[in-house]
Every structure is written in structure tokens, then in C-alpha cells.
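Each remark here refers to the structure printed beneath this line.
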Amino acid sequence: QAKAAGRNTVCFFDPAMQAQAVARAEFEQDMRDGFDQREFTLYYQIQVDSQSQIMGAEALVRWRSAKRGMVSPLEFISLAEENGMILPLGQYVLEAACAQLVDWAQQPATAAWTVAVNVSARQFAHVNFVDNVVMALQKTGANPLLLKLELTESMLLKNVEAVIAKMNAIKALGVSFSLDDFGTGYSSLSYLKLLPLAQLKIDQSFVRDLLTDPNDAVIARTVVALGHSLGMRVIAEGVENAAQRDLLASMDCDAFQGYYFGRPVPPENIPLFL
Ligand code: C2E
Ligand code: MG
Ligand code: MG
Ligand code: MG
């Protein structure tokens, strides 16, 4: 290895780095095993409109590891992106969320509910992504009009024309798009208007201190106005109290999601919200 790296390469043993690499390899192996053992599951967090009616829910993946306990997606999504596991995991999430849509469609109280699914950059960029969405819909029989895909700004910046073509192919199926964590990325405004987006999601970092930080209030108000002027709906995430909800509602924000309305829960607990 050292020889292959070249004559001028200094190779030394760093125990800390070594330990880190071993821990990571172990984590990745546990993820693969956990996936095979069906340890990955979806929680759902409700989304409500300005009349406090539940419109649907966002699917949020959870890893209930027999070995490690409950593992947050913040700990494994970026790793899964790097090692490619996001492809089978992302497809599992898409299909499970579509199956949940069908389940809700069969009950009057939830028949019109939508499901929002987070899509990672690598998953969206894959050549088969459009086919994979079609497959999830066909396999489950879900109504595409009730499926929303959440994308983030960073994944849309490269190959803009190809991205738009791909989004349009999926939109033609009836599926709609939300731009997640809006305001934290680098989208230019001229580019935002080109994307076939139905909804902007105000990032929770602007909602957190909304009541005390005037800058956050200005940003939230501006995002609502921007979204509306581009013909999009605007939803706020991370709403934790009535005062935040009321201020956002006074800014004409269309919908809300956050602990104030409900934490993410396994689907069997969803009836508690009805
Ligand atoms: P996100 O899509 O922006 O999801 C919102 C995150 O905020 C969720 O964290 C949710 O539990 C949390 N949250 C919701 N309401 C509140 C609130 O009122 N206060 C606070 N402090 N937090 C709130 P979670 O479930 O840990 O997910 C973290 C991120 O992991 C997600 O951010 C998303 O980017 C990613 N993720 C989750 N599930 C999936 C998935 O199935 N596929 C992909 N590619 N990414 C996923
Ligand atoms: Mg999301
Ligand atoms: Mg978000
Ligand atoms: Mg977020």
C-alpha cells in the first residue's frame, strides 16, 4: 500500500485514525445487517393547514438497531449517501411511504392525506430515479397526487436542465415537489423560478428564534412572499409553540409542521391525532 502510494509518501500509524476507521466500518456493516433484518422503519409527523386541519404527514426514517438502540437519521443518512446504501434504503422508504398512503386512503378520516418523502441527492441523481418512483407507485397502487417528494437546494444546483427534465417527468405522473430546508442553501432566485416546485419549506433554523430574532422574522416573511409570488405554497417546519404558529399564520404561511402539532410517531400512533 505504502509502496503503491509512491516514494515520497510518508506512511505512519495513527492509532486514533485507525480506531475511527474501524468504528466506521463496523457502523456500516451494522447498517447493512440492520437493513437485512428490517430494522429500518418509518415514523410520520403530521402537517397541518392554517385551519388546523391535518393535510398529511412527512415520513422520517428511523433505525431501530438491536445492537445500538434507536439511531437518528442525522447519524446515518450522510454515511449511506457516501457508501451507496441510500439507494436500497431510499427505495425502501419510498415504497413503505406509498404503502402507507394506500392504507390511509382506505380510511375516511385519512383518505385525502398526503405523504412527504425525503429524497437524497444521490438517490435523485441516479439514472433510474424516475423509474424507481413509477415502480413504488405501481407496486403499492398509491395515488401519485398524494405523494410529495422533498428535495434540497444543493442537489438541484448541478446540471440544472437535466434536473428540471427529471422533475418534470415525475411531475407528469402527478407527484409534486417541496424544497426542504429552504434558506439554508445557495439557490439563486432566478433559478428557483425555473424549478417545477409546488411548495417551499421554511427551514426550522429560522423558526426557532422567530419571536426573539427580528432577522428570522424578516426571513420567514420574505420566504412566504417569495413562494407565493412564484405560485408555491409555503410550509414552516420546526414549529414548537402557538406563538410561532400564530406569527407565521399572520405572515400568511400556508401550513405548519413541528412538535407543537405532533412529534414523529410510528404509524400505529397516528390515530391519536384524529
Ligand atoms: P428534515 O427533512 O428537515 O426533517 C425535519 C427534522 O426536524 C426531523 O428530524 C424532525 O423530527 C425534526 N423536527 C420536526 N419538528 C420539530 C420541532 O418542532 N423541533 C425540532 N427541534 N425538530 C423538529 P429527523 O427525523 O431526525 O430527520 C433529520 C433529517 O434526516 C431530515 O431533516 C432529513 O433531511 C433526513 N431524513 C429523515 N428521513 C429521511 C429519509 O427517509 N430519507 C432521506 N434521504 N433523508 C431523511
Ligand atoms: Mg424533510
Ligand atoms: Mg426540513
Ligand atoms: Mg430541516
Side-chain angles (χ1 to χ4, degrees), residues 31 34-35 39-48 56-64 69-100 114-126 129 132-133 136 147-156 176-185 197-211 216 220 223 227 234-245 247-248 253 255-267 269 273:
M31 268 189 79
F35 189 69
E39 289 182 343
F40 288 84
T41 179
L42 295 184
Y43 274 34
Y44 292 89
Q45 185 177 36
I46 58 166
Q47 301 177 324
V48 308
E58 177 175 7
L60 294 158
V61 71
R62 296 288 179 267
W63 178 17
R64 284 173 162 149
M70 195 73 143
V71 188
S72 157
L74 299 172
E75 288 178 59
F76 63 80
I77 291 288
S78 62
L79 203 60
E81 274 255 332
E82 281 174 45
N83 68 19
M85 249 205 78
I86 196 68
L87 297 172
L89 180 61
Q91 190 62 16
Y92 160 77
V93 168
L94 197 53
E95 290 182 12
C98 285
Q100 187 61 60
T114 57
V115 159
V117 176
N118 294 285
V119 175
S120 84
R122 187 159 171 182
Q123 194 184 357
F124 180 81
H126 196 278
F129 185 63
N132 289 343
V133 174
L147 178 63
K148 296 179 178 181
L149 299 181
E150 296 197 353
L151 311 179
T152 51
E153 291 167 79
S154 57
M155 63 200 269
L156 304 175
S176 56
F177 290 98
S178 298
L179 196 53
D180 206 351
D181 306 335
F182 186 68
T184 61
L197 293 165
Q199 182 171 267
L200 293 181
K201 277 189 104 164
I202 303 176
D203 188 65
Q204 51 185 286
S205 61
F206 304 116
V207 176
R208 192 175 305 126
D209 302 320
L210 191 65
L211 301 163
D216 286 341
V223 172
V234 179
I235 180 169
E237 68 178 4
V239 179
E240 295 188 352
N241 56 57
Q244 289 169 338
R245 192 222 83 102
L247 182 55
L248 287 159
C253 188
F256 314 91
Q257 180 182 346
Y259 295 166
Y260 176 62
F261 304 96
R263 294 199 173 238
V265 296
N269 291 359
F273 293 113

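Order of appearance sets the numbers: ligands from 1, and atoms from 1 within every ligand. All values reported here derive from a predicted model rather than from experimental measurement.
Residue-ligand proximity: G238 is placed with a non-hydrogen atom under 4.0 Å from ligand 1. At least one heavy atom of R62 sits under 4.0 Å from some atom of ligand 1.
The ligand atoms of ligand 1 that sit less than 4.0 angstrom from a heavy atom of P264 are 11 (O). Below 4.0 Å from some heavy atom of S120 lie the following atoms of ligand 1, by number and element: 44 (N). Each of the following atoms of ligand 1 lies closer than 4.0 Å to a heavy atom of E240: 17 (C), 18 (O), 19 (N), 20 (C), 21 (N). Which parts of ligand 1 touch Q45 is read off a 4.0 Å heavy-atom cut-off, strictly below it: atoms 14 (C), 15 (N).
Angle OD1 (N118) to the Mg ion (ligand 2) to OE1 (E150): 90°, rounded to 10°. Geometry note: the Mg ion (ligand 3) is the vertex, D180 OD1 and E237 OE1 are the arms, and the angle is 110° (rounded to 10 degrees).
Remark: ligand 1 and D181 share an N or O pair separated by less than 3.5 Å (distance only, no angle test). Backbone and side-chain nitrogen or oxygen atoms of E58 are examined, and one is located within less than 3.5 angstrom of a nitrogen or oxygen of ligand 1.
Side-chain contact between N241 and V239 is absent, with no heavy-atom pair separated by less than 4.5 Å. Proximity of H126 to L87: side-chain heavy atoms (C-beta onward) are separated by under 4.5 Å at one or more points. Looking at heavy atoms from C-beta onward, R62 lies in side-chain contact with P264 at the 4.5 angstrom threshold. Inter-residue side-chain proximity for D203 and F182 is flagged as unmet; no heavy-atom pair is nearer than 4.5 Å. Side-chain contact between V119 and M155 is present, with heavy atoms from C-beta onward closer than 4.5 Å. No side-chain heavy atom of L60 sits under 4.5 Å from any side-chain heavy atom of L42.
At a 4.0 Å heavy-atom cut-off, ligand 1 touches E237 through the side chain alone. Heavy atoms of T152 found under 4.0 angstrom from ligand 1: none, in either backbone or side chain. The residue L89 has no part lying near ligand 1, judged by heavy-atom distances below 4.0 Å. At a heavy-atom distance under 4.0 Å, no atom of Q123 approaches ligand 1.
The shortest non-hydrogen separation linking F35 to L89 is CE1-CA, 3.8 Å. Across all non-hydrogen atoms, the minimal contact from D216 to S205 is OD2-O, 3.9 Å. Smallest separation of non-hydrogen atoms from Y44 and A57: CB-CB, 4.0 Å.
The nearest non-hydrogen atom to atom 17 (C) of ligand 1, considering only F261, Y259, F124, comes from Y259. Heavy-atom proximity to atom 31 (C) of ligand 1, evaluated over L151, I77, L60, V61, is greatest for L60.
The atom name of the N/O/S atom in E58 closest to the Mg ion (ligand 2) is OE2. Take the N/O/S atoms of D181: the one nearest the Mg ion (ligand 3) is OD1.
Ring pair F40/W63 is parallel by interplanar angle, where below 30° counts as parallel and above 60° as perpendicular.
E58 has a carboxylate O that lies under 4.0 Å from a charged side-chain N of K201, or vice versa, which qualifies the two as a salt bridge.
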